[in-house]
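Each remark here refers to the structure printed beneath this line.
Side-chain atoms are counted along with the backbone in the values below, which use heavy atoms only and exclude waters and symmetry mates. All values derive from a computational prediction rather than experimental measurement.
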Amino acid sequence: MDNREALREKILSCHAMKDVHISSLVVLNEYAKIHRLKKGEHLFHDRDTVENIYFVTKGHVSLYKLNYDGSKKVMFVYGAREMLNEVILQNWTASISAEAMGDAEVIYFPQEIFLQVMEADFVFTKAVMDSMAKKIRRLYRQLKNTTGSLRGDRRIAAKLWKLSLDHGCPTKEGVRIDLELSVTYLADMLGAKRETVSRQLKLLLEEGLIIQKNGYFTVVDQDKIKEYFARP
């Protein structure tokens, strides 16, 4: 059985739980469980019946849809403290697939219990709504970047810049994106062909905007790469 005190600390570390009422915390702590994932393992698939609410506590989990040809379109990548599947609160089947990008850990709660806590704790409910609003805003940005308003290399620059903000780790060379990110996976994020992304990455490498080494990308200067994709 998971140690309840350790679970309590994991719950409080999640963004949506920061201001949760003590009575809500007691209930969530009672029902919380931990699930550990290996790289490539799925937490759930699109159209699965999912009865739990998940938060990432370690590693990274990607949320993706399958295109008509079976290729992936990665919508989000979430790291520790992030909520994965607010949409399941509608009591529908999952509308997206969740896959571990490496070894990962999630904490989860039964949907029914989670909703009961939301009903009794407005501050907590607002935090869940804020998490959903953040996803919607990110979807707006993604829609803008997939409608031809940005050239391919600038789309890649914009994506790497955002990943460096969300998952960046400062190094001597710049901001290293703390995700093992292959060209194929980056293409999945952009909804583009691998060959096209590989060719356009060379432009960013030649400009000295990024470094690609051992499966990881480093953004040399976040301001410069932002200027690159924001040019008129």
Side-chain angles (χ1 to χ4, degrees), residues 13-15 18 37-40 55-64 71-84 98-106 131 134-135 137-232:
S13 72
C14 298
H15 289 313
K18 185 175 64 172
L37 301 157
K38 295 294 184 182
K39 181 178 180 179
F55 289 78
V56 183
T57 51
K58 288 183 183 177
H60 294 89
V61 176
S62 70
L63 300 181
Y64 73 87
S71 61
K72 292 180 182 176
K73 174 63 174 81
V74 176
M75 308 302 294
F76 302 108
V77 174
Y78 284 116
R81 304 190 295 168
E82 298 289 351
M83 189 175 181
L84 284 177
E99 179 185 26
M101 294 185 69
D103 289 348
E105 177 187 272
V106 297
S131 178
K134 181 180 177 182
K135 281 187 173 71
R137 287 179 180 274
R138 290 182 64 182
L139 281 171
Y140 289 161
R141 287 197 296 269
Q142 289 193 45
L143 181 61
K144 175 179 179 292
N145 291 340
T146 55
T147 55
S149 59
L150 282 180
R151 204 173 61 202
D153 56 321
R154 294 187 184 181
R155 286 179 59 208
I156 296 170
K159 175 60 71 175
L160 293 176
W161 172 77
K162 186 64 169 66
L163 288 172
S164 75
L165 293 181
D166 293 342
H167 309 287
C169 179
T171 69
K172 292 180 180 180
E173 296 177 314
V175 180
R176 180 177 179 267
I177 298 170
D178 192 24
L179 299 169
E180 191 172 346
L181 195 60
S182 67
V183 176
T184 299
Y185 214 94
L186 183 58
D188 289 341
M189 288 182 169
L190 295 162
K193 293 186 178 297
R194 184 193 184 283
E195 296 76 12
T196 302
V197 171
S198 180
R199 184 172 63 252
Q200 292 170 337
L201 274 172
K202 291 179 182 178
L203 299 176
L204 304 183
L205 290 164
E206 290 169 0
E207 289 278 344
L209 295 171
I210 62 170
I211 297 170
Q212 185 181 11
K213 186 187 300 182
N214 300 325
Y216 291 87
F217 287 94
T218 296
V219 172
V220 176
D221 186 311
Q222 288 175 315
D223 290 335
K224 286 185 178 179
I225 201 168
K226 184 177 180 180
E227 289 174 5
Y228 183 87
F229 69 75
R231 291 174 188 168

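Atom NZ of Lys135 has more than 12 heavy atoms from other residues, nucleotides or ligands within 6.0 Å.
Rounding to the nearest 0.5 angstrom, the gap separating the CG atom in Leu160 from the CG atom in Leu181 is 7.0 Å. Here the straight-line distance linking atom CD of Glu207 with atom CG of Asp153 works out to 8.5 Å at 0.5 Å rounding. The CG atom of Asp223 sits 9.5 Å away from the CH2 atom of Trp161 when rounded to the nearest 0.5 Å. Separation of atoms NZ (Lys224) and CG (Leu209) is listed at 8.5 Å; rounding is to 0.5 Å. In this structure, SG in Cys169 is found 11.5 Å from CD1 in Ile177, a value given to the nearest 0.5 Å.
Taking 4.5 Å as the limit, every side-chain heavy atom of Lys39 sits out of range of all side-chain heavy atoms of Met101. Two residues are said to be in side-chain contact when any heavy atoms from C-beta on lie closer than 4.5 Å; Asp103 and Leu37 fail this criterion.
Thr57 contributes a side-chain N or O that, together with a main-chain N or O of Glu105, makes up a donor-acceptor pair within less than 3.5 Å. Within the 3.5 Å criterion, the main-chain N or O of Met189 finds a donor-acceptor partner in the side chain of Lys73. Judged by distance alone, the side chain of Arg155 and the main-chain N or O of Leu190 form a donor-acceptor pair under 3.5 Å.
Closest of all the heavy-atom pairs between Ser164 and Val175 is O-CG1, 3.7 Å. Closest heavy-atom contact between Val56 and Gly79: CB-O, 3.3 Å. Pairing each heavy atom of Met83 with each of Phe55, the nearest pair is CB-CE2, 3.5 Å. Residue Lys162 comes nearest to Asp166 through the heavy atom pair NZ-OD2, 2.6 Å, listed as atom of the first residue, atom of the second, then distance. Taking both residues in full, the closest heavy atoms of Ala104 and Val61 are given as CB-CG2, 4.3 Å, listed atom of the first, atom of the second, then distance. Closest of all the heavy-atom pairs between Ile156 and Leu186 is CG2-CD2, 4.1 Å.
Residue pairs meeting the side-chain hydrogen bond (donor to acceptor under 3.5 Å, both in side chains) criterion with at least one partner in residues 168-181, sequence neighbours excluded, are Glu173-Lys213. The stretch residues 189-211 participates, sequence neighbours left out, in no ring pair (Phe, Tyr, Trp, His ring centres under 6.0 Å) pair at all. Listed by first and then second residue, the ring pair (Phe, Tyr, Trp, His ring centres under 6.0 Å) pairs involving residues 162-213 are His60-His167 (not counting sequence neighbours). Pairs engaging residues 199-228 under the ring pair (Phe, Tyr, Trp, His ring centres under 6.0 Å) rule: none recorded [sequence neighbours left out].
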Before giving the answer on side chain to side chain contact (heavy atoms under 4.5 Å, CB included), spell out for Leu63 and Leu84 the whole-Å C-alpha distance, their side-chain angles and the decisive distance to 0.1 Å. CA-CA 8 Å; Leu63 300 181; Leu84 284 177; 4.2 Å; yes
Working note: Thr218 + Gln212, criterion side chain to side chain contact (heavy atoms under 4.5 Å, CB included); need CA distance, chi angles, decisive distance, verdict. CA-CA 6 Å; Thr218 296; Gln212 185 181 11; over 6 Å; no
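Among residues two or more places apart in sequence or in another chain, the side-chain hydrogen bond (donor to acceptor under 3.5 Å, both in side chains) test is passed with Lys72 by Glu99.
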Give every donor-acceptor pair under 3.5 Å between a side-chain atom in residues 192-202 and any protein atom, sequence neighbours left out.
| residue | atom | partner | partner atom | Å |
| --- | --- | --- | --- | --- |
| Arg194 | NE | Thr184 | OG1 | 3.1 |

